[in-house]
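Down below is the structure, laid out as structure tokens.
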Amino acid sequence: GDGCGHTVLGPESGTLASINYPQTSPNSTVCEWEIRVKPGQRVQLKFGDFDIEDSDSCHSSYLRVHNGIGPSRTEIGKYCGFGFQMDGLITSKSNEVTVQFMSGTHTSGRGFLAAYSTTDKSDLITCLDNASHFSEPEFNKYCPAGCVIPFADISGTIPHGYRDSSSLCMAGVHAGVVSNTLGGQINVVISKGIPYYEGSLANNVTSKVGPLSASLFTFKTSGCYGTLGMESGVIPDSQIMASSILEWSDQTGQVNIWKPENARLKRVGPPWAAFISDEHQWLQIDLNKEKRITGIITTGSTLAEYYYYVSAYRILYSDDAQKWTVYREPGMDKDKIFQGNTELYQEVRNNFIPPIIARFFRINPLKWHQKIAMKVELLGCQFSIGRAPKITMPPPPQNKNDDKNDEFSDDFIHSVKTSLQTDKTTFTPEIKNTTVTPSVTKDVALAAVLVPVLVMVFTTLILILVCAWHWRNRKKKTEGTYELPYWDRAGWWKGMKQFLPTKSAEHEETPVRYSSSEISHLRPREVPTMLQTESAEYAQPLVGGIVGTLHQRSTFKPEEGKEASYADLDPYNSPIQEVYHAYAEPLPITGPEYATPIIMDMSSHPSTPLGVPSISTFKAAGNQAPPLVGTYNKLLSRTDSASSAQALYDTPKGQPGPGAAAELVYQVPQSVAHSTGSKDE
């Protein structure tokens, strides 16, 4: 009827729309579609858009779906409404469906667009679906036939990708992964968008230039889209022929010959051109052996002064260059006419679905601008034939193979050679058997897996052993450090310097070490008692649980040839005797005027303030503070600063001399507060 719009009814899928869609359909129109698929299959219908006015409750404007065709059909449903959303698919009970569209008097409504397929295509989509309708990063969908529609747009091209707003199925036709006549499965991959999308003409679909988008999509394919050697020169000049050659002389008398070998895509210079421009001209390419041909790219003359190009052509192919087959799409009874160029520069691509399997390839121009002139490149890949290896029987004689080839050729050259027919192809004697036996293939695959695994395992073991050895050595080194007494470590004094008063740089300290037994033998509590007795003529060492360091000018000096130890004589436990201490010696006559600090019990000194900090020249073991001797005992050190306002000690009683050693008695410090103050400064 007069209400039919865009319609493509394929053997397994198709697309149908109301007249003027997506514009408002005219009043009082009707259209009826009869859909048939293979017997034993059923039909499923999916709406991409539905907008039919329902002012009279679907009485004058509606869409009705029937099971079957003809008078015996039964109604499945009657639908109308603005923005009607159909959940799921409408499924028939047989392989035949009738779709009826009725448009009465109305003021608005776009009509409808729907797609159909057999019920085994569970992932059917319509021509209006785009990538933004799906959230998965990768998905498979089935595109119906007839998705090259004038009211849908796409932007982009392969291999860069298509803008996410592009129609998935229309982009699939442009990319050459599905046929507009047959439809087909697409495998879509979503990725990040690009700032600019190129435009191109391919498979009668024009892709427009597009701006930046958040995402884009591409298609997973078999990968058989490489160039076959026209541009690169793999195909020699001797294998390129033509029906005629344009030859002419210019105004300077130079002869110009536009030979067939000039028909190489992207080659600088003139193209191939036919001497006579009619429908009987052709350009022939010999691929030297059978190849899988999946597409062709063409341009015009590419010379601005010669505006020549071919706008439509047919494709023929052959195995022997004698019997030729015109390319037709499966199920079609007419030759496929390919759209060519629209100007002399632009590259136009056309794909063959299914691909052509042939050695000889011929282009037959049907329409052109001014003259027949073109450059071409073929797309495809090697066509490898595999057969089962023969174990005991030798190859059959040549005449036997020839008979098989003759039987096959009668049914082969007059149909499109597809990849499915490859399995039934017999083999000529010159094709060598390069198939690897299954056992060898299995061993190779096993070795390819085991070798990397073994390398990783051995590498891991070596790393573990190295780490264990390193850890063991480090542990031994660490344990060896703690075998020495804590106060005997070289870094002990450096760590304690920050807790001690600042010393003059002119004095160097030599640590005095004591054994643990000597330290434990000392009794700090006996020190106050000893100090409260009659003062010794020489200063006694203070050993109250602390280990000190002696200055180089100290009066305490170990005896020569004997290790300093308190185990030999304990002056604190022995009776008071008028003997010198084992370590004490008289100060030399030429020594300094003032003696080294003397530690005394200051508990009975009334003028000593409680807040005076303890200052000692002896080092304490560990980080503990030196214990206090008595209640107000303080460890006082010698004031090295020459600028002190008052000396810490008074002068000795009497004058030092050789015979006055016994009379050398030192007085108690006059003012502890002054000494401490100068030290803090």
Check your understanding: Between C143 and C127, does a disulfide bond (SG atoms under 2.5 Å apart) hold up when you go through it step by step?
Key -> CA-CA 7 Å; C143 287; C127 302; over 6 Å; no
Using every non-hydrogen atom in the two residues, find where [X] and [Y] come nearest and quote the distance to one decimal.
| X | Y | result |
| --- | --- | --- |
| T206 | I154 | O-CG1, 4.1 Å |
| Y62 | C80 | CA-CB, 4.3 Å |
| N350 | Q339 | ND2-O, 2.9 Å |
| V178 | Q185 | CG1-O, 3.7 Å |
| I125 | P144 | O-CD, 3.1 Å |
| Q239 | D286 | NE2-O, 2.5 Å |

Check your understanding: Are the side chain of R349 and the backbone N or O of I297 linked by a donor-acceptor pair below 3.5 Å?
Key -> no
Check your understanding: Just by distance, do the side chain of S166 and the backbone of S155 share a donor-acceptor pair under 3.5 Å?
Key -> yes
Review point. Y21: what forms a ring-ring contact (aromatic ring centres under 6.0 Å, His included) with it, not counting sequence neighbours?
Key: F151
Give a yes or no on whether [X] atom [atom1] has more than 12 heavy-atom contacts from other residues, nucleotides or ligands under 6.0 Å away.
| X | atom1 | answer |
| --- | --- | --- |
| R42 | CZ | no |
| K259 | NZ | no |
| K266 | NZ | no |

**Study point:** cation_pi(K336, Y327) dist<6.0 Å, angle<=45
**Key:** no
Check your understanding: What about the rings of Y116 and W33, do their centers lie closer together than 6.0 Å?
Key -> no
Review point. By side chain to side chain donor-acceptor pair (under 3.5 Å), which residues pair with S232, not counting sequence neighbours?
Key: none
Point to revise | Euclidean distance, S191 OG relative to E138 CD, rounded to 0.5 Å | key: 11.0 Å
Can you tell if the side chain of [X] reaches within under 4.5 Å of the side chain of [Y], non-hydrogen atoms only?
| X | Y | value |
| --- | --- | --- |
| K121 | E12 | yes |
| K141 | V188 | no |
| I158 | T218 | no |
| R64 | M102 | no |
| R163 | P211 | yes |

Any side chain to side chain donor-acceptor pair (under 3.5 Å) involving [range]? Give me the pairs, sequence neighbours left out, ordered by first then second residue.
| range | answer |
| --- | --- |
| residues 170-180 | Y162-H174, H174-S200, S179-E329 |
| residues 88-99 | R36-E96 |
| residues 366-376 | T302-K375 |

Check your understanding: Listed by chain and number, what are the side-chain contact (heavy atoms from CB on, under 4.5 Å) partners of E136, not counting sequence neighbours?
Key -> F134, F139
Check your understanding: With under 30° as parallel and over 60° as perpendicular, where do the rings of W248 and Y306 fit, or are they tilted in between?
Key -> perpendicular
Review point. Which word best sums up how the rings of F47 and F50 line up, parallel for under 30°, tilted for 30 to 60°, or perpendicular for over 60°?
Key: perpendicular
